[in-house]
There are 2 protein chains.
Amino acid sequence: MFELQQLQQLIAVAEAGTLSAAAEKLHISQPALSRSMQKLEEHFEAPLFTRTKNRMTLNETGLCAVQYANHVIETATAFDDAVHEKIRSLTRIAVGASAPGPLWLLMPQVSREAPGMMLSSVISENEASLESGLKNETYRLVLISHPIEDTHILCKRYTSEQLFVSFPIGHPLASRKGILAKDLAGLTMLLFSNLGVWTHFHERMTDTHFILQTDRQAFSDLVTASVLPSFVTNISKNNQNPQKDRIIVPLLDADAKKTFYLCARRNDKALFDHIRPRL
Amino acid sequence: MFELQQLQQLIAVAEAGTLSAAAEKLHISQPALSRSMQKLEEHFEAPLFTRTKNRMTLNETGLCAVQYANHVIETATAFDDAVHEKIRSLTRIAVGASAPGPLWLLMPQVSREAPGMMLSSVISENEASLESGLKNETYRLVLISHPIEDTHILCKRYTSEQLFVSFPIGHPLASRKGILAKDLAGLTMLLFSNLGVWTHFHERMTDTHFILQTDRQAFSDLVTASVLPSFVTNISKNNQNPQKDRIIVPLLDADAKKTFYLCARRNDKALFDHIRPRL
DNA sequence: GATTCTTACGTCCCACGTAATAATA
DNA sequence: TATTATTACGTGGGACGTAAGAATC
């Protein structure tokens, strides 16, 4: 049987036009490539090139072979990719979530339940894409703010997250027992980006000015260093170093509290069951 | 890149169940196969088998790989076949004819015009299949008893063939200047098989008894040795050793004379034009 | 003379088979 | 004990690169 390498070389020669150029592209010597093509011709017991003394051109057979060779290489590459992807899917747990907070709770638990596995996570405000990502095996676990009704999907309440506003001591609103989003009109606030579905909450607050920070550490430093109010949740309060000199006031709007659901495919029941809700 | 051979080996292992059995089937040693599979695993940087001390079983990745590997091998085999077929079609001239006589005239001409090419010929009474065979490149040349009207097909009168009956000297009908098929009613005749469209002629002669001979030499010997009448044509007269002690009488039926047309695809004009009609 | 392909030649690596090892049924 | 897979080891063939040759532009 011929070798895949020979087909790749044949294609390279067809693309480069000359043996020399193809050999250079393939990082082998011209004689090596010459012999390799001769071997291929021996295999087929027919010439693939018309040869003059210092020129080699694909003949009709060769052109036909190049066409098919491309197809073979494509198939072989697809094989390679598919197996690698299979391996990745068996050694990696991808988690999708529509908010960072619940994800902070979940990831350590997954890590504990699946030691040695590579973990990756994605935050997206698009819960429909997370749901379809779960179904098409892009994600093994998904956290979203509504349950999925589907016989192939396992789903349970995982945790709830409540928004607060963090004011510096002495801020006019710091003394309130609770406030509404509209009370923040006219203020300038610090906002961490990539907040998943929470994005929808502050998108409605068109009268408040937000300074967006994409870097988590920079955001944290800014909060401590400035007197600007920022958002906090019941989860982020516990997961980050506590902010001194700050008063936390709950947001009373209906959509300032969300329940997140953990979802997995039915065939992943073992992993799903091992992960305890954090209510 | 991995090797096609490794994929074939992987498939063999999957089918055989054990390395030993697969190695035997592949005519290589167990250690060689063991190492080859290890190489494949190295390539993927992941195990394809679950191993106990004296047992090797495909794991989920391996099973997945086997599936895809089958597809790759199929594609590679198709490539091999396609190129070989291309080579065959470029080194062989297949001729289809609806009668042996005109073919006897044609083949030496083709041989002279295409030296070094492999020649093959088929005789068929089904002229429609010959025509479609020409169009789908099964045949490069076709001889049939009617012209083809098609812009993609070249067609010209090639030769005519006239039937005679060969009688031994002294036969009651031997003195006739000409006879009709119905005059042969009640006689027993020698008939060579595989006569293409001429088959239709003697199929109508239900009152004549035919002794069929499939072997050309045996037929010839029988004609010389027996006193039975047989068919002859203007072409076979010249192409075979002349029959001593025989009188030849022309058949006067309308369909005892046929004109044969040489047909080729338009893109084959060079070959077509080089072949002179034999009228 | 520069380019291009082929042939010749020497080298080195790799894949093989044999043999030995280890574990299991 | 027979079967099965892996490891160790020595060998031979093959593919490579360098160098030389031949022909063309």
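Quick note: numbers below take in every heavy atom, side chains included, and nothing from hydrogens, waters or symmetry partners. Just so it is clear: chains get the letters A, B, ... in the order the sequence lines come, proteins before strands, and each one is counted from 1.
Sequence neighbours left out, the pairs with a member in residues 110-134 of chain B that pass salt bridge (charged side-chain N to carboxylate O under 4.0 Å, His left out) are B/Glu131-B/Lys135. Note on residues 69-82 of chain B: no pairs pass salt bridge (charged side-chain N to carboxylate O under 4.0 Å, His left out), not counting sequence neighbours. Sequence neighbours left out, the pairs with a member in residues 15-27 of chain A that pass salt bridge (charged side-chain N to carboxylate O under 4.0 Å, His left out) are A/Glu15-A/Lys25. Applying the salt bridge (charged side-chain N to carboxylate O under 4.0 Å, His left out) rule to pairs touching residues 60-69 of chain A yields A/Glu60-B/Lys86, sequence neighbours excluded.
Scored by the ring-ring contact (aromatic ring centres under 6.0 Å, His included) test, A/His84 finds B/His43, B/Phe44 as partners (sequence neighbours excluded).
Distance CD1 (B/Ile28) to P (C/dT18): 12 Å, rounded to an integer number of Å. In this structure, CG of B/Leu26 is placed 15 Å from C1' of C/dG17, rounded to the nearest angstrom. Spacing between atom CD of B/Gln9 and atom C1' of C/dA15 amounts to 11 Å, rounded to whole angstrom units. Between the NE2 atom of B/His27 and the C1' atom of C/dG17 there is a distance of 16 Å, given to the nearest Å. Nucleotide C/dC14 holds its C1' atom 13 Å from the CD atom of B/Glu42, rounded to whole Å. The distance from atom CD of A/Glu24 to atom C1' of D/dG17 is 15 Å, rounded to the nearest whole Å. Atom pair B/Gln6:CD and C/dC14:P shows a separation of 14 Å (rounding to whole Å applied). Between A/Gln5 atom CD and D/dG14 atom P the separation is 16 Å, expressed in whole Å.
Across all non-hydrogen atoms, the minimal contact from A/Ser160 to A/Ile235 is O-CD1, 4.0 Å.
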Review item, nucleotides 2-8 of chain C N/O atoms under 3.5 Å of protein N/O:
residue: C/dC5; atom: OP1; partner: A/Leu19; partner atom: N; Å: 3.1
residue: C/dC5; atom: OP2; partner: A/Leu19; partner atom: N; Å: 3.1
residue: C/dC5; atom: OP2; partner: A/Ser20; partner atom: N; Å: 3.0
residue: C/dC5; atom: OP2; partner: A/Ser20; partner atom: OG; Å: 2.6
residue: C/dT6; atom: OP1; partner: A/Arg51; partner atom: NE; Å: 2.4
residue: C/dT6; atom: OP1; partner: A/Arg51; partner atom: NH2; Å: 3.3
residue: C/dT6; atom: OP2; partner: A/Ser34; partner atom: OG; Å: 2.5

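Put simply, A/Lys39 has no side-chain N or O that comes within less than 4.0 Å of OP1 or OP2 on D/dG14.
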